[in-house]
Amino acid sequence: MFYLLDIIGTMAFALSGALTAMNKRLDPFGVFIIAFVTAVGGGTLRDTLIGRTPVGWMRDLNYVYFIIAGYFLAIIFRKKLDRLRTSLFLFDTIGLGVFTLIGLEKGLDTNLHPIICIALGTMTACFGGVTRDILCNEIPVIFRREIYATICIVGGILFFILKHWNLDNDILYVITSCVMISLRLLAVKFKWYLPALKQN
Amino acid sequence: MFYLLDIIGTMAFALSGALTAMNKRLDPFGVFIIAFVTAVGGGTLRDTLIGRTPVGWMRDLNYVYFIIAGYFLAIIFRKKLDRLRTSLFLFDTIGLGVFTLIGLEKGLDTNLHPIICIALGTMTACFGGVTRDILCNEIPVIFRREIYATICIVGGILFFILKHWNLDNDILYVITSCVMISLRLLAVKFKWYLPALKQN
Amino acid sequence: MFYLLDIIGTMAFALSGALTAMNKRLDPFGVFIIAFVTAVGGGTLRDTLIGRTPVGWMRDLNYVYFIIAGYFLAIIFRKKLDRLRTSLFLFDTIGLGVFTLIGLEKGLDTNLHPIICIALGTMTACFGGVTRDILCNEIPVIFRREIYATICIVGGILFFILKHWNLDNDILYVITSCVMISLRLLAVKFKWYLPALKQN
């Protein structure tokens, strides 16, 4: 179940990467690389920094296959994706929740402090999109407009509060990811955003 | 022989990095860093992701010396490099072939799946140039115009087909790299390129 | 003493990252990430490349706390920081000296060649600022204008010359960092800079 959601999230991230790259008029190879990096970038950075090498996607080819599938879906349906934007957004939000949980878990496995685990969760969910934007020569969108990373941090804090109460792991996962997904949906629906910090 | 070609490729990549950086009017230190990163960036990313640390160039100083040599060559001959563009292009193409083979070999050494090995080969050959372009604040050129990475992927597939036939390793290397080098020369001569993917 | 200077340098780097990000009108999360990356980016790259994982800041939370403190200081005093620019510059320069020494030491611990150690020292001191500029979509400032990395390289060479004379480690550290700090102050006061390399 968790693994399935992970795969769905990976594919959704690959689709979002492919769409951004096509908007920049890149060639098919460039689109593929950006789809790939968006999908695995966060987990790759996390694994590299904690020393779990070879990194995750090198050890489980399913990720690679589903990214390739996402890439071809994006190309085939590229003229109709505007109409599918809502489903895409939903998958992307599932990815946000699942990726954060995976990062938290990997941090716990490595016996790191909760604060570092939250950083790893946020990194797993956000860094793919950050790399996508850097490769496309943009200031990363999550630094400017969207409440996105903030949700990962809130989710991470909630996770450790619930864990403190000795909740069962499965319930813990379900509650944390549902809260994160709801927060994202509410944030987008009601256009919550963080104000820019101005110097004067 | 292989080692010699590797060194030539490294120097050619350093030269190409230095040239790009000088076009951006960077200072001598910036030019050096970009030459260095262009030359070792691909191998460094590969080694980091598969966990071969300290990364390659830290363990064999010859790379460092030849990059420094390439840097000074680029500075001394910077006004004449336009005339040497053909030789430079040839060295760069040799680098493309050799770096891909090295990436494939490192992947096999780490017992990774052929698909991942091909990804590592492509990464070794391409990521240096990608970093060069990011540091110079450009969308990487290989995502936009050149058939470059596609040749690495074709070379990688050919490598595993030939390997399947139990060819001798040396013959395998020679055939694969000759095919890749010829493809690149043909691609540039006849201006083959991948069309941009448009959304509408 | 050394540890204290390291913490001061980290905080100063976090402040400089936060200031750059606020100038780009990023949201509070974006400002935090850029403060964080500026402060730990150099050490993180160094640790990743030599294989000391999990990387440093994951194992010593004090860095995280002081970065958070630096971030809030930058936000609270953001309208008065222009007046504090001199103290900030001083802290940043201390960071430059201390970070270079830490990189040199880590390289020696890993039994790497002096040239590689100097590269690691320079990387530790400079890469945080480079990442800050890339995330803010600029060509890194140290590639263009400031004599900064050159000072790290000079400091590294001096370090190994003094080490060759069997100086006591503490004296070695004090001399090297004082020379580097003085060079930086002189460079900024007298506007020393490296000329851009032009192709014609």
Side-chain angles (χ1 to χ4, degrees), chain A residues 17-37 40-41 43-65 67-68 71-72 74-82 85 130-139, chain B residues 42 44-53 55 103 106-123 125-127 129-154 187 192-200:
Chain A
L19 287 179
T20 311
M22 286 192 286
N23 274 332
K24 285 272 172 176
R25 309 181 57 89
L26 300 186
D27 70 25
F29 171 76
V31 173
F32 178 68
I33 290 300
I34 289 181
F36 199 92
V37 165
V40 303
T44 301
L45 179 67
R46 178 200 63 218
D47 286 351
T48 306
L49 295 189
I50 62 177
R52 292 180 71 254
T53 51
V55 298
W57 57 269
M58 293 190 181
R59 289 181 296 190
D60 182 349
L61 277 178
N62 284 335
Y63 292 103
V64 178
Y65 297 144
I67 291 169
I68 294 175
Y71 168 69
F72 281 110
I75 289 190
I76 294 167
F77 293 108
R78 67 183 181 276
K79 285 170 195 184
K80 297 188 184 135
L81 279 172
D82 279 335
R85 207 156 284 275
V130 169
T131 321
R132 175 197 64 211
D133 294 340
I134 293 174
L135 289 176
C136 291
N137 206 11
E138 305 268 2
I139 293 187
Chain B
T44 301
L45 179 67
R46 178 200 64 219
D47 286 351
T48 307
L49 295 188
I50 62 177
R52 292 180 70 254
T53 51
V55 297
K106 292 277 159 66
L108 284 174
D109 280 359
T110 321
N111 294 314
L112 295 168
H113 187 280
I115 292 183
I116 304 297
C117 294
I118 294 174
L120 288 172
T122 310
M123 195 187 283
C126 300
F127 189 75
V130 169
T131 321
R132 175 197 64 211
D133 294 341
I134 293 175
L135 289 176
C136 291
N137 206 10
E138 305 269 1
I139 293 187
V141 63
I142 65 160
F143 293 172
R144 284 178 298 143
R145 282 199 307 260
E146 286 190 44
I147 293 205
Y148 192 101
T150 313
I151 294 173
C152 302
I153 296 172
V154 170
W192 293 342
Y193 60 93
L194 300 177
L197 285 170
K198 282 168 265 180
Q199 261 194 288
N200 39 41

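Not measured: the values here are computed from a predicted model. Throughout, a chain's letter reflects where its sequence line sits, starting with A, and its residues are numbered from 1.
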Where on A:Val64 is there a heavy atom nearer than 4.5 Å to chain B: the side chain, the backbone, both, or neither? side chain

Does any backbone or side-chain atom of B:Thr48 lie under 4.5 Å from a heavy atom of chain A? Answer side chain, backbone, both or neither. both

What part of B:Ile115 is in contact with chain A, defined as an atom under 4.5 angstrom from a non-hydrogen atom: side chain, backbone, both or neither? side chain

Look up atom CD1 in B:Ile116 and atom CD1 in B:Ile50, then write down how far apart they are to the nearest 0.5 Å. 11.5 Å

Checking side chain to side chain contact (heavy atoms under 4.5 Å, CB included) between A:Cys136 and each of A:Ile34, A:Asn23, A:Thr131, which is the one that passes? A:Ile34

Just to verify, what does B:Thr44 make a side chain to side chain donor-acceptor pair (under 3.5 Å) with, not counting sequence neighbours? B:Trp57

Contacts of type side chain to side chain contact (heavy atoms under 4.5 Å, CB included), residue B:Ile153, not counting sequence neighbours: A:Phe29, B:Ile118, B:Thr122, B:Ile157

Let me know if A:Ile33 has heavy atoms under 4.5 Å from chain B in its side chain, its backbone, both or neither. side chain

